[in-house]
**Q** 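My questions will all concern the structure given below.
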Amino acid sequence: MTGTVQCVACERFTLRESTKFAELGLGRCSGMADRPGTFVSPSYPRQCPEYQPAPAKKTAARIEWLRDQRSEGV
């Protein structure tokens with residue numbers, strides 16, 4: 001059994017598929033190709049057998065971008 005992971009740190013996660021949803025802080029998982037229109041929270045802790053760690057720089061860039069999106073709405 002794997003521990004909990006966050007999609008923001010997974011190679012299969014993307015914020016680029018739908019900018020409208022990305023601006024709301026939601027992204028897509030390549031494992032959800034069979035479920036169009038399904039978006040996930042990048043920071044929700046979950047157990048995922050398909051998790052593939054993304055490079056640290058990519059994860060840091062996503063987190064920074066999401067942080068910037070939140071601060072613009074204040």
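In this text, all values refer to a predicted model and were calculated from it rather than measured experimentally. Residue indices begin at 1 and follow the sequence shown.
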**Q** Determine whether Tyr44 and Phe13 fall in the same hydrophobic cluster, where Ile, Leu, Val, Met, Phe, Trp and Tyr are linked whenever their side-chain heavy atoms lie under 4.5 Å apart.
**A**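 As far as the 4.5 Å side-chain criterion goes, Phe13 and Tyr44 are not connected within one cluster.
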**Q** Out of curiosity, Gln6 CD to Tyr51 OH, how far, rounded to the nearest 0.5 Å?
**A**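 Nearest 0.5 Å value for the CD-OH distance: 8.5 Å.
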**Q** Taking all heavy atoms of Gly31 and all of Asp34, pick out the closest pair and write down the distance.
**A**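 Reported closest heavy-atom pair: O-OD1, 3.8 Å.
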**Q** Working to the nearest 0.5 angstrom, can you tell me the gap between Cys10 SG and Arg62 CZ?
**A**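 Going from SG on Cys10 over to CZ on Arg62, the span is 7.5 Å.
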**Q** To the nearest 0.5 Å, what is the distance between CD (Glu11) and OG1 (Thr59)?
**A**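 Here the interatomic distance stands at 8.5 Å.
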**Q** Just verifying a value: how many Å separate Leu24 CG and Leu66 CG, rounded to the nearest 0.5 Å?
**A**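 One finds 11.0 Å between CG of Leu24 and CG of Leu66.
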**Q** When you group the ILVMFWY residues by side-chain heavy-atom contacts below 4.5 Å and let the links chain together, are Leu15 and Ile63 in the same group?
**A**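 Yes, one cluster joins them.
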**Q** What's the separation between atom OG in Ser30 and atom CD in Glu50, rounded to the nearest 0.5 Å?
**A**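 Atom-to-atom, Ser30:OG and Glu50:CD are 8.5 Å apart.
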**Q** Show your working on side chain to side chain contact (heavy atoms under 4.5 Å, CB included) between Ser18 and Arg28 and close with a plain yes or no.
**A** CA-CA 8 Å; Ser18 173; Arg28 287 274 297 159; 5.8 Å; no
**Q** What distance do Thr14 atom OG1 and Lys58 atom NZ have between them, rounded to the nearest 0.5 Å?
**A**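 It is 7.5 Å, given to the nearest 0.5 Å.
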